[in-house]
Student: 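Dumping the structure here so I can ask a few things about it.
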Amino acid sequence: MVIISGTIKLESEEELARVKTALIGRAERSRRDAGNIDYVFSQSLEDPTEIRLIEKWESEDLLNAHLQVPDEEFNTLIATARIEKAVVNASDVTNDRILMER
């Protein structure tokens, strides 16, 4: 399994409002791709201009296939968004376990 985690720090709450629909669309499209286990953007409770990204993929090959799917709306967003800082990491995971479930 591959886990993607990241943060996108936007210039302002107004910028977040401007890009929100495109981020939701990206998440919805990505969840339909083969091998996707989870894909979510969320807003930080501590910093309303920071977006968190978490993705889970069955394999590196399926993640790479996902990355090859054209997504003009998202690419335009990334090219035009007023982003102060963005960091996205990929981690290979061999063991995934539940720490809490209700």
Student: Do Ile37 and Trp57 touch side chain to side chain, with heavy atoms closer than 4.5 Å?
Tutor: no

Student: Do Lys56 and Asp96 pass the side chain to side chain contact (heavy atoms under 4.5 Å, CB included) test, and can you show the C-alpha distance, the side-chain angles, and the key distance before you say yes or no?
Tutor: CA-CA 11 Å; Lys56 288 185 181 182; Asp96 188 31; 3.6 Å; yes

Student: Specify the closest pair of heavy atoms between Ile51 and Gln43, including all atoms of both residues, with the distance to one decimal.
Tutor: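 Shortest heavy-atom contact: CD1-CA, 4.2 Å.
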
Student: For residues 6-15, which residue pairs pass the salt bridge (charged side-chain N to carboxylate O under 4.0 Å, His left out) check, not counting sequence neighbours?
Tutor: Lys9-Asp47, Glu11-Arg82, Glu15-Arg18, Glu15-Arg82

Student: Do Leu23 and Leu77 have side-chain heavy atoms sitting under 4.5 Å apart?
Tutor: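 Counting from C-beta outward, Leu23 and Leu77 do come under 4.5 Å.
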
Student: Verify the cluster assignment for Ile83 and Val88: are they in a single hydrophobic cluster under the rule of side-chain heavy atoms below 4.5 Å apart?
Tutor: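 They do share one cluster, since a chain of ILVMFWY contacts under 4.5 Å joins Ile83 to Val88.
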
Student: Do the charged groups of Asp38 and Arg31 touch, with an N to O distance under 4.0 Å?
Tutor: no

Student: What pairs with Phe41 under ring pair (Phe, Tyr, Trp, His ring centres under 6.0 Å), at least two apart in sequence or on another chain?
Tutor: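 With sequence neighbours excluded, Phe41 shows a ring pair (Phe, Tyr, Trp, His ring centres under 6.0 Å) to Tyr39, given in chain and number order.
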
Student: Please determine whether the number of non-hydrogen atoms from other residues, nucleotides or ligands lying under 6.0 Å from atom CG of Leu45 exceeds 12.
Tutor: no

Student: For residues Ser12 and Thr49, report the shortest heavy-atom separation together with the two atoms involved.
Tutor: C-CG2, 3.6 Å

Student: Tell me, do Ile8 and Leu10 make a side-chain contact under 4.5 Å, heavy atoms counted?
Tutor: yes

Student: Does any non-hydrogen side-chain atom of Ile24 lie less than 4.5 Å from one of Thr21?
Tutor: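 No, every pair of side-chain atoms sits at 4.5 Å or beyond.
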
Student: Restricting to non-hydrogen atoms, name the atom on His66 and the atom on Ser30 that form the minimum distance, rounded to 0.1 Å.
Tutor: CE1-OG, 3.0 Å

Student: Please enumerate all residues that pass salt bridge (Lys or Arg N to Asp or Glu O under 4.0 Å) together with Asp71, with sequence neighbours excluded.
Tutor: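 Salt bridge (Lys or Arg N to Asp or Glu O under 4.0 Å) check on Asp71 returns Arg26, Arg29.
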
Student: Indicate the atoms forming the closest heavy-atom contact of Ala90 with Val2, along with that distance.
Tutor: CB-CG1, 4.3 Å

Student: Do you know which two heavy atoms are closest between Leu62 and Glu58, and how far apart they sit?
Tutor: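 Shortest heavy-atom separation between Leu62 and Glu58 comes out as CD1-OE1, 3.7 Å.
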
Student: I'd like to know if Val87 and Ile3 are part of one continuous hydrophobic network [Ile/Leu/Val/Met/Phe/Trp/Tyr, side-chain heavy atoms within less than 4.5 Å].
Tutor: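 Different clusters.
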
Student: Considering all heavy atoms of both residues, which atom of Leu16 and which atom of Pro48 are nearest to each other, and what is their separation?
Tutor: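 Smallest heavy-atom distance, with atoms named: CD2-O, 3.2 Å.
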
Student: Looking at Asn36 and Arg32, would you say the former's side chain and the latter's main chain have a donor-acceptor pair under 3.5 Å?
Tutor: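 Side chain of Asn36 to backbone of Arg32, a donor-acceptor pair under 3.5 Å: no, none is there.
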
Student: Does Ile4 form a side chain to side chain contact (heavy atoms under 4.5 Å, CB included) with Leu53? I'd like the steps, not just the answer.
Tutor: CA-CA 7 Å; Ile4 308 296; Leu53 167 65; 4.3 Å; yes

